[in-house]
Amino acid sequence: MRDIADSIESMEQLAAVWRVMVLDRDPDADVRDLPGIAVRWADCRFPFWNCVTLTEDGMDAGLVKQRLDEASEIMRSKKHPGFLWVFEDLLDDEARAALGAAAEQAGLAHAFPGTGMAGDLLPIPEPAHPDLTFVRVTAEEHLRAFADVNSLAYGFPLEDGRDGLAWSTLWRNRVYACLGVRNGAPVTCAATVEAEGRLFVMLVATDPKWQRRGYGEAVTRKALYEGARATGATLHATAAGASVYPRIGFEPNSPMHFYALKD
């Protein structure tokens, strides 16, 4: 019997945190909890604030096909593109084997993979990196830089990232977002936010010109350190995988798949 408690927790934290983020972007955003599907859709230009997620455990192939068709229909009703997030461990073996074909039939294309992660990590020492200084995101120019680093890392136009982040007061107060700055230029970033007594890590990104130098790991440690110091949270979990997380101490749970609508 699979122990999927961490996978379920990652999915539930995603739904909880993304609800807050999406409503911060637009108080009238679509944040419905439908049978088997959580809709978290701001319908803005920043694609990560437009998502739907499958939420049932033990889905068989027939149910997955139904949910993919429903998710695709929701996505097609929106103005701006976004992603369907699927936690593989919530599917039974037959459904996992048929996932790719079922997604294609629903008009969805695989965008990129991820891995759900969770871990008991605290306490951690205050991090440092010889190339970087760390800046807590508290001002508009910091948040614009955070948005720009994400856009560069994930291949979005700069204005798309800024449309999702650059004006937010939530991100300058309740989110523990940090920039890693090299020679005066922001090159990496990460954020944590408290969700039901846990710190949720999100939007870890490094400018492609400065990857593979340990910058993402260092700034993620800094965001965890600042979030834990401010909130007292003792357990950390994340739903979107990144290569830096295992080095920090996160343990993988469910493989994830991100789907976009076919062109």
Side-chain angles (χ1 to χ4, degrees), residues 4 7-23 25-26 29-117 150 153-156 160-161 163-164 200 202-204 237-242 252-263:
I4 63 166
S7 301
I8 292 172
E9 182 181 57
S10 287
M11 178 274 293
E12 290 176 344
Q13 282 215 326
L14 167 69
V17 170
W18 246 245
R19 186 180 193 278
V20 175
M21 297 300 141
V22 166
L23 288 174
R25 175 58 183 80
D26 181 357
D30 186 353
V31 291
R32 291 172 292 162
D33 290 302
L34 304 173
I37 297 175
V39 183
R40 304 290 186 263
W41 204 285
D43 218 7
C44 68
R45 291 178 57 178
F46 187 48
F48 284 142
W49 288 169
N50 304 329
C51 83
V52 291
T53 308
L54 304 191
T55 59
E56 293 155 301
D57 176 32
M59 289 178 282
D60 62 23
L63 183 57
V64 168
K65 182 181 186 307
Q66 176 184 335
R67 297 298 186 228
L68 291 176
D69 288 341
E70 292 168 346
S72 177
E73 184 177 355
I74 292 168
M75 295 166 74
R76 292 184 190 283
S77 73
K78 306 301 184 182
K79 178 180 179 182
H80 292 290
F83 297 109
L84 166 66
W85 301 34
V86 179
F87 289 79
E88 187 177 295
D89 278 358
L90 302 186
L91 284 57
D92 71 14
D93 291 341
E94 181 184 1
R96 276 190 261 182
L99 177 61
E104 185 173 357
Q105 290 175 3
L108 298 164
H110 194 265
F112 51 90
T115 305
M117 300 252 179
N150 267 271
Y154 292 103
F156 304 146
D160 288 7
D163 184 53
F200 184 93
M202 58 185 178
L203 300 189
V204 177
T238 180
N253 47 64
S254 177
M256 294 175 62
H257 304 277
F258 294 72
Y259 290 94
L261 291 175
K262 290 182 181 178
D263 295 333

- Is the F156 ring parallel, tilted or perpendicular to the F48 ring (thresholds 30°, 60°)?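 Because their plane-to-plane angle is over 60°, the rings of F156 and F48 count as perpendicular.
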
Using a 3.5 Å distance criterion without hydrogens, assess whether the side chain of [X] forms a donor-acceptor pair with backbone atoms of [Y].
X   : Y   : value
N50 : D43 : yes
S72 : D69 : no
W18 : R40 : no
S7  : D89 : no

Where [X] and [Y] come nearest, the two heavy atoms and their spacing:
X    : Y    : answer
P47  : F83  : CB-CE1, 3.7 Å
M75  : L108 : SD-CD2, 4.0 Å
D163 : C44  : OD2-CB, 3.3 Å
R76  : A106 : NH2-O, 4.0 Å
D160 : F46  : O-CB, 3.3 Å
A71  : I37  : N-CD1, 3.9 Å

- Message: If the condition is side-chain hydrogen bond (donor to acceptor under 3.5 Å, both in side chains), which residues does E56 pass it with, not counting sequence neighbours?
- Response: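 Residues passing side-chain hydrogen bond (donor to acceptor under 3.5 Å, both in side chains) with E56: R67.
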
- Could you give me the CA-CA distance, side-chain angles and deciding distance for L34 and V52, then say whether side chain to side chain contact (heavy atoms under 4.5 Å, CB included) is met? CA-CA 10 Å; L34 304 173; V52 291; over 6 Å; no

Quick one: pull up [atom1] in [X] and [atom2] in [Y] and give me the separation to the nearest 0.5 Å.
X   : Y   : atom1 : atom2 : result
L68 : L84 : CG    : CG    : 6.0 Å
I8  : T55 : CD1   : OG1   : 10.5 Å
K65 : M59 : NZ    : CE    : 15.0 Å

- Per the side chain to side chain contact (heavy atoms under 4.5 Å, CB included) rule, which among V86, L90, L54 passes with M11?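 Exactly one option meets the side chain to side chain contact (heavy atoms under 4.5 Å, CB included) with M11, and it is L90.
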
- Query: Would you say the side chain of L99 lies within less than 4.5 Å of the side chain of Y259, judging by non-hydrogen atoms?
  - Reply: yes

- Can you check whether L14 reaches T53 side chain to side chain, under 4.5 Å on heavy atoms? yes

- Task: Enumerate the residue pairs fulfilling salt bridge (charged side-chain N to carboxylate O under 4.0 Å, His left out) with a member in residues 105-114, sequence neighbours excluded, ordered by first and then second residue.
- Result: none

- Query: Any side-chain donor paired with an acceptor under 3.5 Å for E70 and Q66?
  - Reply: yes

